[in-house]
Amino acid sequence: MLENNKEDLWKHFFNYPRKVYNQYILKMTEYPEYIIFDKEKMNSNKEKWGSHFGNDNPLYLEIGSGSGNFTNGLSERHKDRNYIALELRFKRLVFSADKARRRDAKNILFLRRYGEEIQTFISEDSLSGVYINFPDPWEEKLKNRVIQPSLFQLLNPLLKKEGKVFIKTDHDGYYNDIINFIEKMPEYEVVYSTPDLHNDAKAEGNIKTEFEELFLCKHNKNINYIEILKIK
Ligand SMILES: C[S@@+](CC[C@H](N)C(=O)[O-])C[C@H]1O[C@@H](n2cnc3c(N)ncnc32)[C@H](O)[C@@H]1O
C-alpha cells in the first residue's frame with residue numbers, strides 16, 4: 001500500500017531523490033476513482049477491467065492522453081464503451097481526471113503508465129481500438145518514438161480481430177514513416193490516411209486534442225490522420 005505523501009509517491013516512480021516535489025503528484029491521489037498510479041494494482045486488473053467498470057462493454061485505449069480532452073470527449077459520446085488512457089505527466093493526469101469528475105463520467109480511467117508496458121496490464125484479445133494523438137516526434141532520436149513496429153507487435157495479441165489503431169500527428173515525416181513500416185507488416189493494413197484531416201470528410205466528428213488546438217490556432221499546421229486495421 002502506498003503512503004500518500006510526496007516523498008513516498010516520488011520514490012514509487014523515480015529512483016533518484018528530489019528536494020522540491022511536483023505538487024500534482026499528491027493532487028493525483030485526490031482522484032482515486034479516475035487515476036490509478038500503482039503498477040501492481042493495474043497489473044492485478046489485467047484480466048478484469050470489466051469488473052472495474054461494472055460491465056463488459058468494448059474497451060478502448062489512448063496512449064499519451066495529455067490533458068484528457070480527447071478521451072473525455074469520446075467517453076461522453078460513447079457511454080456504451082470503456083476508455084483507459086495512459087499518461088505520464090502528473091499535472092496532465094490531474095487535469096484529465098478533473099474533466100471526468102466534472103461530468104461524473106463512469107466509463108473512463110487514467111493510468112500513469114508507459115505505453116510500452118501495455119502487455120502487463122491489458123489482456124489478450126481485449127482491445128477494440130487504440131488512439132495515439134500527437135506523439136513526440138523525437139526528430140533527433142527516432143528510437144525513442146512511441147509508434148514503432150515494436151509497439152504494433154506488442155499490440156497485436158491484445159487487439160481484437162478487426163481492432164483498429166487511430167493516429168493523428170502534426171509531423172509529416174512521422175506520418176510517412178508509420179505508413180511505410182505498416183506496409184511491411186503482414187498483420188496490419190492502413191485503411192484510411194489523409195495528410196489534411198481538417199479538410200477531409202473525417203473532420204466531421206473529429207474530437208480535437210489540446211495539442212491539436214495549439215497546432216491549428218497558433219501554427220496553422222496541417223494534421224495527418226491514419227487508421228490502421230489489424231488483419232491477422
Ligand atoms: C505531445 S503530447 C500530446 C498529448 C495529447 N495526446 C494531445 O494531443 O494533446 C504527448 C504526450 O504523451 C505522453 N507520453 C510520452 N511518451 C509516452 C509513453 N511512452 N507512454 C505514455 N504516454 C507517453 C507525454 O507525457 C505527453 O503528455
Side-chain angles (χ1 to χ4, degrees), residues 10 12-14 22 24-25 27-28 31 34-39 42-43 59-77 83-100 108-122 127 129-155 158 165-175 177-178 197-198 202-203 205-228:
W10 186 267
H12 177 72
F13 298 112
F14 309 105
N22 179 332
Y24 289 96
I25 202 166
K27 189 100 185 125
M28 213 172 49
Y31 296 87
Y34 290 119
I35 302 177
I36 300 182
F37 51 85
D38 183 343
K39 282 188 184 185
M42 290 173 216
N43 297 354
L59 182 63
Y60 288 78
L61 185 94
E62 185 181 7
I63 300 177
S65 51
S67 298
N69 221 33
F70 184 78
T71 291
N72 266 294
L74 280 179
S75 81
E76 178 69 20
R77 186 179 287 173
Y83 291 91
I84 292 183
L86 314 182
E87 175 51 50
L88 304 176
R89 295 195 182 217
F90 305 119
K91 185 175 178 179
R92 292 180 184 172
L93 283 164
V94 168
F95 282 11
S96 303
D98 204 55
K99 285 172 188 156
I108 191 166
L109 185 65
F110 296 91
L111 309 183
R112 202 274 173 191
R113 199 74 191 261
Y114 283 85
E116 293 84 346
E117 295 174 48
I118 189 172
Q119 76 285 7
T120 57
F121 57 93
I122 296 289
L127 290 178
V130 175
Y131 298 89
I132 310 177
N133 295 317
F134 303 92
D136 302 305
W138 288 99
E139 285 181 329
E140 308 296 327
K141 265 194 181 172
L142 297 186
K143 70 175 178 51
N144 286 0
R145 284 182 173 177
V146 172
I147 306 179
Q148 316 240 11
S150 54
L151 180 74
F152 277 87
Q153 273 149 12
L154 277 183
L155 284 176
L158 314 184
V165 180
F166 306 82
I167 297 168
K168 293 196 261 186
T169 174
D170 60 299
H171 196 280
D172 303 335
Y174 207 167
Y175 168 73
D177 290 347
I178 295 165
L197 171 62
H198 290 271
K202 291 270 178 180
N206 174 52
I207 296 172
K208 288 187 194 137
T209 76
E210 287 82 358
F211 271 69
E212 189 168 357
E213 295 276 11
L214 184 76
F215 287 123
L216 286 171
C217 301
K218 214 168 155 191
H219 308 295
N220 195 22
K221 177 74 187 72
N222 66 297
I223 303 299
N224 301 281
Y225 175 71
I226 316 176
E227 286 180 16
I228 297 164

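Whatever order the structure lists ligands and atoms in, that order sets their numbers, starting from 1. Positions are given from 1, in the same order as the sequence printed here.
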Between Trp10 and Phe90, how do the two ring planes meet: parallel, tilted or perpendicular, split at 30° and 60°? tilted

Dump all N/O pairs between ligand 1 and the protein below 3.5 Å as a table: atom names plus distance, one pair per row.
{"unit_1": "ligand 1", "atom_1": "6 (N)", "unit_2": "Gly64", "atom_2": "O", "d": "2.8"}
{"unit_1": "ligand 1", "atom_1": "6 (N)", "unit_2": "Asn133", "atom_2": "O", "d": "2.9"}
{"unit_1": "ligand 1", "atom_1": "8 (O)", "unit_2": "Thr209", "atom_2": "OG1", "d": "2.7"}
{"unit_1": "ligand 1", "atom_1": "9 (O)", "unit_2": "Thr209", "atom_2": "OG1", "d": "3.4"}
{"unit_1": "ligand 1", "atom_1": "9 (O)", "unit_2": "Glu210", "atom_2": "N", "d": "3.4"}
{"unit_1": "ligand 1", "atom_1": "9 (O)", "unit_2": "Phe211", "atom_2": "N", "d": "2.9"}
{"unit_1": "ligand 1", "atom_1": "19 (N)", "unit_2": "Glu116", "atom_2": "OE1", "d": "2.8"}
{"unit_1": "ligand 1", "atom_1": "19 (N)", "unit_2": "Glu116", "atom_2": "OE2", "d": "3.4"}
{"unit_1": "ligand 1", "atom_1": "20 (N)", "unit_2": "Gly115", "atom_2": "N", "d": "2.9"}
{"unit_1": "ligand 1", "atom_1": "25 (O)", "unit_2": "Glu87", "atom_2": "OE2", "d": "2.5"}
{"unit_1": "ligand 1", "atom_1": "27 (O)", "unit_2": "Glu87", "atom_2": "OE1", "d": "2.8"}
{"unit_1": "ligand 1", "atom_1": "27 (O)", "unit_2": "Glu87", "atom_2": "OE2", "d": "2.9"}
{"unit_1": "ligand 1", "atom_1": "27 (O)", "unit_2": "Arg92", "atom_2": "NH1", "d": "2.6"}

### Side chain to side chain, Glu117 and Met42, heavy atoms closer than 4.5 Å
no

### Message
Whether the Glu62 and Asn133 side chains hold a donor-acceptor pair (N or O, under 3.5 Å, no angle test) is what I'd like checked.
### Response
yes

| said: Any donor-acceptor pair under 3.5 Å linking the side-chain atoms of Thr120 with those of Arg113? | reply: yes

Residue set satisfying salt bridge (charged side-chain N to carboxylate O under 4.0 Å, His left out) with Asp170, at least two apart, ordered chain then number -> none

Exercise: do Glu212 and Asn69 side chains pair donor with acceptor under 3.5 Å
no

